[in-house]
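Only one structure is covered here, and it is reproduced in the block below.
Here is how names work: the chains are called A, B, and so on, in the same order as the sequence lines, proteins then strands, and each is numbered from 1.
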Number of protein chains: 2
Amino acid sequence: MKQSIPLPVLERLSILYTVLERLEKEGRTAVSSAELGRIMNVTPHTIRKDINYFGQAGSESGYSVSTLRNTLEKGLRFDVSRKACIVGLGRMGLALMNFSGFKDSNIRIEAGFDSNINRLETLKTDIELYPAYEIPEVVKRKSIELGVITVPPEAAQQTADKLIQGGIKGIINFAPVIIQCDNPAIAIRNFYVLEEFRILSALIQI
Amino acid sequence: MKQSIPLPVLERLSILYTVLERLEKEGRTAVSSAELGRIMNVTPHTIRKDINYFGQAGSESGYSVSTLRNTLEKGLRFDVSRKACIVGLGRMGLALMNFSGFKDSNIRIEAGFDSNINRLETLKTDIELYPAYEIPEVVKRKSIELGVITVPPEAAQQTADKLIQGGIKGIINFAPVIIQCDNPAIAIRNFYVLEEFRILSALIQI
DNA sequence: TGAACGCTGTGAAATAATTCACAACTTAAT
DNA sequence: ATTAAGTTGTGAATTATTTCACAGCGTTCA
Ligand SMILES: NC(=O)c1ccc[n+]([C@@H]2O[C@H](COP(=O)([O-])OP(=O)(O)OC[C@H]3O[C@@H](n4cnc5c(N)ncnc54)[C@H](O)[C@@H]3O)[C@@H](O)[C@H]2O)c1
Ligand SMILES: NC(=O)c1ccc[n+]([C@@H]2O[C@H](COP(=O)([O-])OP(=O)(O)OC[C@H]3O[C@@H](n4cnc5c(N)ncnc54)[C@H](O)[C@@H]3O)[C@@H](O)[C@H]2O)c1
């Protein structure tokens, strides 16, 4: 079912979920596709079409914030808790490891890896740390499903290979490298920060 | 001209540029659309169509790595140096501020901002730091074109407003908030890390 | 009671993006 | 010299995505 949701739709729905979380926190009970469209900078039609991938979810007086959030949560399995790990505990890896936003999400950072053993010893954190060569074993043993790659570009592919060896199901890659992976069941999302600067450079006039 | 390049194409071309940089560094002189397609996980047709937005760029023996990189550089204005600033010098903001990848890019981080004055005083960096209320003045005075938002979600919109007030041309937003901006000339790119975990959750089976 | 308004859901239309197919050309090898 | 293999550029076809238009329903207000 979820497989049939187009990626652009999934991306919007994920953001919509965050919007609904905020609206709910603000005490809002109902919201229309028109308002959601304004908030998200898309047309109301798109909002309705997107939501309709889960069948009827609204009424003639709009959508119930909590019901809709719940529908998305169930439909996209956001209610399932996922174990994750971070490989490469440098600047970016540490920023992520200490990110407070995971607290009230269903993402559990269960392990951190680095090839620099000294680094592992000096870091102060509650999260279990391991040398990089243990990635396959630890990922498998702890059934970690998601991996974050924040190693230098030269080490990105081999890191991905180790994660895949351990049976990882999804990867978020921060290194400016295109990860090669022949298993189509493994989802890979790339996060190219520097590219964003370039894209902006090209988008702004002169 | 560049306005007419579709966004998906621009995004791929930006990555292609990075790939070409690497190939050039490795000493490669020529490359075919087929090989680029394998590297980038897209079809060779897409590669050729993308490149063709700049007119003919290859020959019957493929593309010259350096010529193609140069064509993209000129066409997408990657040769133009851009001044940028970072607002919110917490975990993520600092990771970015100390990111070594800017060194050999055309992005110059010219200023850092934070609302916490104590924080500004304790940070050790070569980059000039300012309190957040000075954003409009400093951005205008230094002609800073790009702004990065790494403040807590509640402060994201007001930060964007200040950047816009200063005449910013493009924004990279890390806060899980949809920035409202009625000026269509200002480009905004969102970087929702937590959403990526959610999207992966939805993509992987069970 | 009834008219006006605002809402969703959805098939149809329009638009956008990707993929295909092949002409035209080069190079290499036999 | 000729054949085979490999390449790009590009119009056409296909596929994907977004937008439109409106039926159908409930609510509100006169
Ligand atoms: N820092 C940023 O703001 C930023 C921005 C954009 C992209 N990135 C990308 O993120 C990645 C990390 O950047 P960073 O600034 O954190 O770098 P960093 O040098 O601060 O950290 C890299 C870490 O990876 C570890 N490492 C190296 N090889 C490893 C291996 N084989 N296995 C496990 N760990 C290994 C190093 O010991 C180090 O701790 C890079 O690919 C970079 O391009 C970073
Ligand atoms: N750290 C991460 O790995 C991570 C991951 C995903 C998203 N983010 C997002 O990035 C943003 C920053 O995250 P963080 O972890 O770095 O937070 P943080 O709390 O470490 O840093 C936030 C910084 O912003 C400053 N600040 C607060 N209000 C400000 C204002 N009005 N003007 C200027 N500065 C202000 C604070 O003083 C602090 O230094 C958040 O929106 C967060 O959701 C962070």
Side-chain angles (χ1 to χ4, degrees), chain A residues 1-16 19-20 23 28-72 75 178 184 199 202-203, chain B residues 1-16 19-20 23 28-72 75 178 184 199 202-203:
Chain A
M1 197 267 218
K2 67 190 178 319
Q3 293 301 53
S4 69
I5 295 183
L7 196 52
V9 175
L10 175 55
E11 293 176 339
R12 280 194 301 269
L13 285 173
S14 171
I15 296 171
L16 174 57
V19 168
L20 291 169
L23 289 177
R28 290 288 305 275
T29 56
V31 68
S32 69
S33 61
E35 183 175 3
L36 289 174
R38 273 191 303 275
I39 294 174
M40 293 182 56
N41 298 325
V42 297
T43 69
H45 311 99
T46 303
I47 297 280
R48 293 204 295 275
K49 261 264 157 55
D50 286 356
I51 291 173
N52 256 48
Y53 278 90
F54 303 109
Q56 163 142 359
S59 76
E60 298 73 10
S61 50
Y63 299 95
S64 150
V65 173
S66 62
T67 306
L68 181 53
R69 194 188 57 68
N70 231 271
T71 302
L72 297 192
I178 297 152
I199 291 168
L203 285 176
Chain B
M1 199 268 220
K2 66 192 180 316
Q3 293 301 53
S4 68
I5 296 184
L7 197 52
V9 175
L10 175 54
E11 292 174 340
R12 281 194 301 268
L13 285 174
S14 171
I15 296 170
L16 174 56
V19 169
L20 291 170
L23 290 177
R28 289 289 304 276
T29 56
V31 68
S32 69
S33 62
E35 184 176 2
L36 289 173
R38 273 192 303 276
I39 294 175
M40 294 182 56
N41 296 326
V42 296
T43 69
H45 313 97
T46 303
I47 297 280
R48 293 204 295 274
K49 262 262 157 52
D50 286 355
I51 290 173
N52 257 46
Y53 277 92
F54 302 110
Q56 161 143 359
S59 76
E60 297 73 10
S61 50
Y63 298 95
S64 150
V65 173
S66 62
T67 305
L68 182 52
R69 195 189 56 68
N70 230 271
T71 301
L72 297 191
I178 297 151
I199 291 169
L203 285 176

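You'll find the side chain of A:I51 reaches within 4.5 Å of the side chain of A:L16, heavy atoms only. No side-chain heavy atom of A:Y53 sits less than 4.5 Å from a side-chain heavy atom of A:L72.
Atom-to-atom, CZ of A:F54 to C1' of C:dT8 comes out at 17 Å; the value is rounded to the nearest Å. Here D:dA16 presents its P atom at 16 Å from CD1 of A:I5, a figure rounded to the nearest Å. Separating the CG atom of B:L36 from the C1' atom of D:dT8 is a distance of 12 Å, rounded to the nearest angstrom. Atom CG of A:L10 and atom P of D:dT17 are 12 Å apart (whole Å). The CD-C1' distance, from B:E11 to C:dT18, rounds to 15 Å in whole Å. Remark: P of C:dT8 and CG of A:N52 are 10 Å apart, rounded to the nearest angstrom. When rounded to the nearest whole Å, the span between NE2 of B:H45 and C1' of D:dA13 equals 12 Å. Here D:dG24 presents its C1' atom at 13 Å from CZ of A:R48, a figure rounded to the nearest Å.
OP1 or OP2 of D:dT18 has not a single side-chain nitrogen or oxygen of A:T46 nearer than 4.0 Å. Proximity of B:Y63 to the phosphate of D:dG6: no side-chain N or O atom is located under 4.0 Å from OP1 or OP2. OP1 or OP2 of D:dT19 lies within a sub-4.0 Å distance of a side-chain N or O belonging to A:T43. Within the structure, every side-chain polar atom (N or O) of B:S61 is placed at least 4.0 Å from both OP1 and OP2 of D:dT7.
The residue A:A57 sits close only to the backbone: its heavy atoms come under 4.0 Å of sugar-phosphate atoms, none of a base.
The listed nucleotides are D:dT18, C:dC7, C:dT18; the one nearest the side chain of A:V9 is D:dT18. Picking from D:dT7, C:dT18, D:dT17 the nucleotide with the shortest atom distance to the side chain of B:R12 gives C:dT18.
With hydrogens and angles disregarded, no donor-acceptor distance shorter than 3.5 Å links the side chain of A:S14 to the backbone of A:L10.
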Show your reasoning for whether side chain to side chain contact (heavy atoms under 4.5 Å, CB included) applies to A:L20 and A:V65. CA-CA 6 Å; A:L20 291 169; A:V65 173; 4.2 Å; yes
Just do the side chain to side chain contact (heavy atoms under 4.5 Å, CB included) check on B:Y63 and B:E35 with the steps written out, would you? CA-CA 11 Å; B:Y63 298 95; B:E35 184 176 2; over 6 Å; no
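Between the base of C:dT19 and the side chain of B:K49 there is a donor-acceptor pair shorter than 3.5 Å.
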